[in-house]
Amino acid sequence: MSGGAAAGAALLALVLAAAGEAASVLRNGGYEGLLAAVHPRVPEDDRLVIRLQEMITEASSYLFSATEGRVYFRSVKILIPPTWKEKSYEKPKHETYEKADVIVAAPYWKHGDDPYTLQHEACGKMGKYIHFTPNFLVNDYMTDIYGSRGRTFVHEWAHLRWGVFDEYDNDRPFYVTGQNQVKVTRCPSDLTGIYVCEKNSCTDGSCVINKLTGLFKEGCAFIPQRNQTAVSSIMYMQSLSSVVEFCNEHNHNKEAPNLQNRMCDYRSTWEVIKNSTDFENDMPLTSNSLITPPSFSLLQKRDRVICLVLDVSKTIAGGNWISRLHQAAELYLLQVVEENAYVGIVTFSDKGEIKTHVHQIVSYEARKQLASYLPTALGEKRANVCAGLRLACEVIRKKEGHLYGSEIILVTGGQDSSTGKCFSEVINGGSVIHTITVGSSAAKEIEHFSKETGGFKFFVPERLDFSDLLDVFTGIVSRSGDTFHQSVQIESAGESVAEYRQLRRTVTIDSTVGRETFFVATWQAAEPPEIILTDPIGRSYTTKDFELDSVFHVARLQIPGIAQTGDWTYTLINVHLAPQVLTMTVTSRAANSTLPTVSVKTYMSKDTTYYPSAMVVYVQVSQGFSPILGASVTAIISSENGDMVSLELLDNGAGSDIIKNDGIYSKYLFSFSGNGRHSLKVHIQANRTTVPQTAMPWSHAMYIPGYVENGKLKMNPSRPPAIKNNIQVRRGGFARIAVGESFTVSAVPIGPYIDVFPPCKIIDLDARMEDDKVILSWTAPGDDFDKGQAASYEIRTSETPLELRDSFYSATFVNASTLSPQHAGYTEIFVFKPEAFTTGNITVIYVAIRAVDEVFLRSELSNIAQAVMFIPPMAYPTSNLKFGVSTILLLFFLLLTAACLTVSTSLYLVKKKKKKALSENTAKLLQHKV
């Protein structure tokens, strides 16, 4: 390695070591760079910014106290939407709405203002964002329901940053303790309050016990005392003024059937928090005088300024690289990039060239003019990435005077070991850099440009005959949060078609899209295929209706106005005398500015893995903030050598999917055909009526029904119900294509594999008692994680959950030899008669399971389920007692006498009450007359 290259590599390593992945970074006890963003559809209201500042300032000192002097908020950035008036705000660098820790946006389907955190991973893993509504921030009456905003922020921050869960449970608000008492699901168990019943299940306003379950009937609520002595817990009821701590290992309620116990193996929230990377080497500060209120920066991005940086070197494999590059970049310019954006174009091989400075996209003609500057021929053999990036910076500076908030789209597959020479200057300049690496030869450092600037990073395999590059360009959309202006990809199909054969598909245009709808076909031969396109009402379009480009082999048709909703059918017929690859891509935009489109977001649990460590693929399908259920979601993972793995993702609350019906579909990924970069593409299809989920599935602050204050009951307004008129129902289904960011796999062995993958953890084990039997149900895991079929199950029970967690094989054995595991994803049912753990009239049993595969690899311990059976006291004498006839007759006459006396007394009291009422009414009439 030359001296310059070595210096560049050293500089690159230094910068990467100093940089972090999270939006907010912890340094010396202070969180820096916490990002809060206001959604562009929120009406301008300066109070929102003021309240955000007040909330986080209050939260900082409360967080410092709650973490025993460990952490606080040092600096905060608030991203003002471009739809608000321009003021003297700072320019953002890499900050975007989609990357924010905290978002301010319209309510989740307008059914309430619960602050919540989107958590989609396991205990101890970071969430995606915290969502506050404008109503929560500006209306003070909300503090009676959720507590002060600063306290609520800390509750949600613990969800987001440390991956803990709520210590209450709306589905199971009460439980039966081992001491035969009905308790509130809470932590700790010594919070005081009263039980109040507001529904018809109450006879006299008091809560009623269900004799079958031993729990209160529906309608019973726990109303806390406003003044408490309990100091915890923030994850249960932070609204109480005495609560200043998280539950810890000493006061944690291990019996409560809440999500914290289920997801975190009965560890307290403070145990999980202390185990996070934030506290690995952090010692508590000695005094709160060392912390200062957080500083705030207000940022606003106006224009979107983009520069394409395209590699035209001859180092990229495949003779048709320029054709594919031109097709994809043209699609981006004509169909994807948003109106009013500014775009410039730079190419590079051994040297860079400015093809055009920025032009604003104000019309379709402006888009076509930009596309005319795209490269048409290859350059030299060597790739010089830095030359292209430096020219892109020059192009952007000419327009803006700076690089802050601009975007660079770097497409390269060339071998270039000198990227370290410009790495520091480029990432510190202020541009967000999106990278598209092509093939296995691209420099390994390219993705670091994206990682350090918050840009997208995509990978395209060397099989340039398919639509991979087209799909990647459709994924580079604005991350402002406003989906109305974003392009939506509906279809991506491609295959090798034999001579005089056809590619025929049906694609669904749903009611949320239809504006600026394009059908784009590509081919390889000299002549285009025969194209037939039929809309849902039978209107046909043929090849002559498409705009043809015979040089770059593209046929494009824009549907006038709003495309007809329903199923469109297209047919591509190969009229060439040899097989060729034919592709079809369909994009559209939102049909209505007031109705959000069905959108798709993809996540990987990590961007680098080392075999045999598994990854998880996540796909979130939603309309606005409402999860979409019942969709068919398929992920296609491609390696550098072009091998593909197909996964069906599920939203069933089992395996990798921690919450059922939250619109986040997931699957374990553990089988890899080789090392290196991998790409992700997702197909989403729904062929029936789909109703958005209206429940609140995610971690959120408790809606407090009321308080007892100075002996008086003060109730808050009831939680507002979902507004049914605002819930859109889509008939006929929908289709979407989404491209995920690339990830890297290392240490995959060569040759035959040995089985190193155990069954996945069972996370939905449920137990209930019926008569004297326990009925268990759970979702079957696989032989390898959630794939295949396990060989057997190990089931054990205990009187305490901790024995199962800490000493599973010391707990009571349950014979499950008759249970043959089903295929992964199916529901298992198992019934057994346990040993009696009876005290008083209640039986409480804890159960846990491990799955075992054919080579005796065992899963992690399942969630620990609790079964409770209420045994009502016997109303009649038991069979072992002997009573004579005289005794029975005596008891009968005694009961009859008591009944007669009761009736006589009641009649006397009624007559007396009527006589008194008559006297009082007479007196009132007399007084009125006087």
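With sequence neighbours left out, the side-chain contact (heavy atoms from CB on, under 4.5 Å) criterion links Ser673 to Ser639, Asn641, Asp643. Checked against side-chain hydrogen bond (donor to acceptor under 3.5 Å, both in side chains), Asp853 has no partners two or more places apart in sequence or in another chain. In this structure, the side-chain hydrogen bond (donor to acceptor under 3.5 Å, both in side chains) partners of Asp416, at least two apart in sequence or on a different chain, are Ser418. Taking the side-chain contact (heavy atoms from CB on, under 4.5 Å) definition, one finds that Ser807 meets it with Ser810, sequence neighbours left out. For the side-chain hydrogen bond (donor to acceptor under 3.5 Å, both in side chains) test, no residue two or more places apart in sequence or in another chain qualifies with Thr185. Ser817 pairs by the side-chain hydrogen bond (donor to acceptor under 3.5 Å, both in side chains) definition with Asn815, not counting sequence neighbours. Scanning for salt bridge (charged side-chain N to carboxylate O under 4.0 Å, His left out) contacts around Lys681 gives Asp471, with sequence neighbours left out. In this structure Ala158 satisfies the side-chain contact (heavy atoms from CB on, under 4.5 Å) test together with Trp162, Val164, Met235, Phe246, sequence neighbours excluded.
Within the structure, salt bridge (Lys or Arg N to Asp or Glu O under 4.0 Å) contacts touching residues 628-642 (residues at least two apart or in different chains) are Lys444-Glu640. Pairs of residues two or more places apart, or lying in two chains, that qualify as salt bridge (Lys or Arg N to Asp or Glu O under 4.0 Å) and include a residue from residues 856-867 are Glu794-Arg858. Note on residues 787-807: pairs passing ring-ring contact (aromatic ring centres under 6.0 Å, His included), not counting sequence neighbours, are Trp778-Tyr793. Within the structure, the salt bridge (Lys or Arg N to Asp or Glu O under 4.0 Å) test picks out the following pairs touching residues 807-833 (sequence neighbours left out): Asp772-Lys833.
A ring-centre distance under 6.0 Å is not found for Phe813 and Phe808. Taking the centre of each ring, His120 and Tyr603 come in below the 6.0 Å mark.
Contact check on Arg677 versus Asp607 returns no salt bridge, with no Lys/Arg side-chain nitrogen under 4.0 Å from an Asp/Glu carboxylate oxygen. Between Arg805 and Glu803 there is no salt bridge, since no side-chain N of the basic residue sits under 4.0 Å from a carboxylate O of the acidic one. A salt bridge is defined here as a Lys NZ or Arg NE, NH1 or NH2 lying under 4.0 Å from an Asp or Glu carboxylate O, and Glu156 with Arg161 fails to meet this definition.
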